[in-house]
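Structure first, commentary second.
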Amino acid sequence: MAYQRMDKLDKQILRLIAEDARIPFLEVARACNVSGAAIHQRIQKLTNMGILRGSQFVIDPEKIGYETCAYIGLNLKNPENFDVVVDALKNIPEVVECHYTTGDFDMFIKIYALNNHHLLNIIHDKLQPLGLARSETIISFNSAIDRQLPIMDFPVSDDDDLNE
């Protein structure tokens, strides 16, 4: 995927909304010293560029009963079935991430389960039938770091026209 060109205002907007996705656009406008309309246009531009992919509330899985977080490396018997397996994984609600990877695994998934017994049932009843050659499960005790990618120094375009 190609790098998207942004200017200093884009970067400032990203910093503010990454810190608080619920910040009112008028507050962002005041902090950036531009009009509310300019912020709306910039947010739309960043969304159209694919830099912003929406906003959402983040649910704490543990607070709603999902006590086990696991990462599972999957090796497929038939790696040419990647697309079929990914489609099947999309139908398993406990699977919240799936990555194609290099190294020891064909893909790597993240799962939330109610407990270890539930995790075992997911692996046995839902994952094994997908045609796995083998899998390796790592249970996470706690997330030490869980954050957005920080908006730090990255190249900005030379034309800092704030009235786009």
Checklist entry - Just by modelled atom types, is the Asp104 backbone N or O under 3.5 Å from a matching donor or acceptor in the Asn75 side chain? => result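 Yes, Asn75 side chain to Asp104 backbone: donor-acceptor pair under 3.5 Å.
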Under 4.5 Å between side-chain heavy atoms, hopping through other hydrophobics if needed: is there a path connecting [X] to [Y]?
X	Y	answer
Ile39	Ile23	yes
Val34	Val28	yes
Phe108	Leu76	no

Item to check | Chi angles and distances behind the side-chain contact (heavy atoms from CB on, under 4.5 Å) call for Glu27, Leu16 | outcome: CA-CA 9 Å; Glu27 195 173 321; Leu16 290 165; over 6 Å; no
Item to check | side-chain contact (heavy atoms from CB on, under 4.5 Å) against Glu67, all qualifying residues, sequence neighbours excluded | outcome: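 Glu67 satisfies side-chain contact (heavy atoms from CB on, under 4.5 Å) with no residue once adjacent residues are dropped.
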Mind listing the side-chain donor-acceptor pairs of residues 46-57 below 3.5 Å, one per line with the distance, residues two or more places apart or on another chain?
unit_1	atom_1	unit_2	atom_2	d
Thr47	OG1	Ile43	O	2.8
Asn48	OD1	Gln44	NE2	2.9
Asn48	ND2	Gln44	O	3.4

Side chains of residues 125-148: which donor-acceptor partners sit under 3.5 Å, not counting sequence neighbours?
unit_1	atom_1	unit_2	atom_2	d
Lys126	NZ	Glu94	OE1	3.4
Ser143	OG	Ile145	O	3.2

Item to check | Heavy-atom closest pair, residues Asp10 and Asp7 | outcome: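 For Asp10 and Asp7, the tightest heavy-atom pair comes out as N-OD1, 2.9 Å.
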Checklist entry - For His40, what residues pass the ring-ring contact (aromatic ring centres under 6.0 Å, His included) criterion, not counting sequence neighbours? => result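 By the ring-ring contact (aromatic ring centres under 6.0 Å, His included) rule, His40 matches Phe25.
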Which value, rounded to the nearest 0.5 Å, describes the distance between [X] atom [atom1] and [Y] atom [atom2]?
X	Y	atom1	atom2	result
Ile111	Leu119	CD1	CG	6.0 Å
His117	Thr68	NE2	OG1	11.5 Å
Ser35	Arg30	OG	CZ	12.5 Å
Lys45	Met6	NZ	CE	8.5 Å
Tyr71	Lys110	OH	NZ	3.5 Å
Ile109	Leu74	CD1	CG	4.5 Å

Checklist entry - How is the hydrophobic cluster of Tyr66 composed, in terms of its other members, when Ile, Leu, Val, Met, Phe, Trp and Tyr link through side-chain heavy atoms under 4.5 Å apart, directly or indirectly? => result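 When side chains under 4.5 Å apart are linked, the cluster holding Tyr66 also contains Ile59, Ile64, Val96, Tyr112, Leu114.
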With a cut-off of 3.5 Å and sequence neighbours excluded, list every side-chain donor-acceptor pair involving residues 79-91.
unit_1	atom_1	unit_2	atom_2	d
Asn91	ND2	Asp87	O	3.3

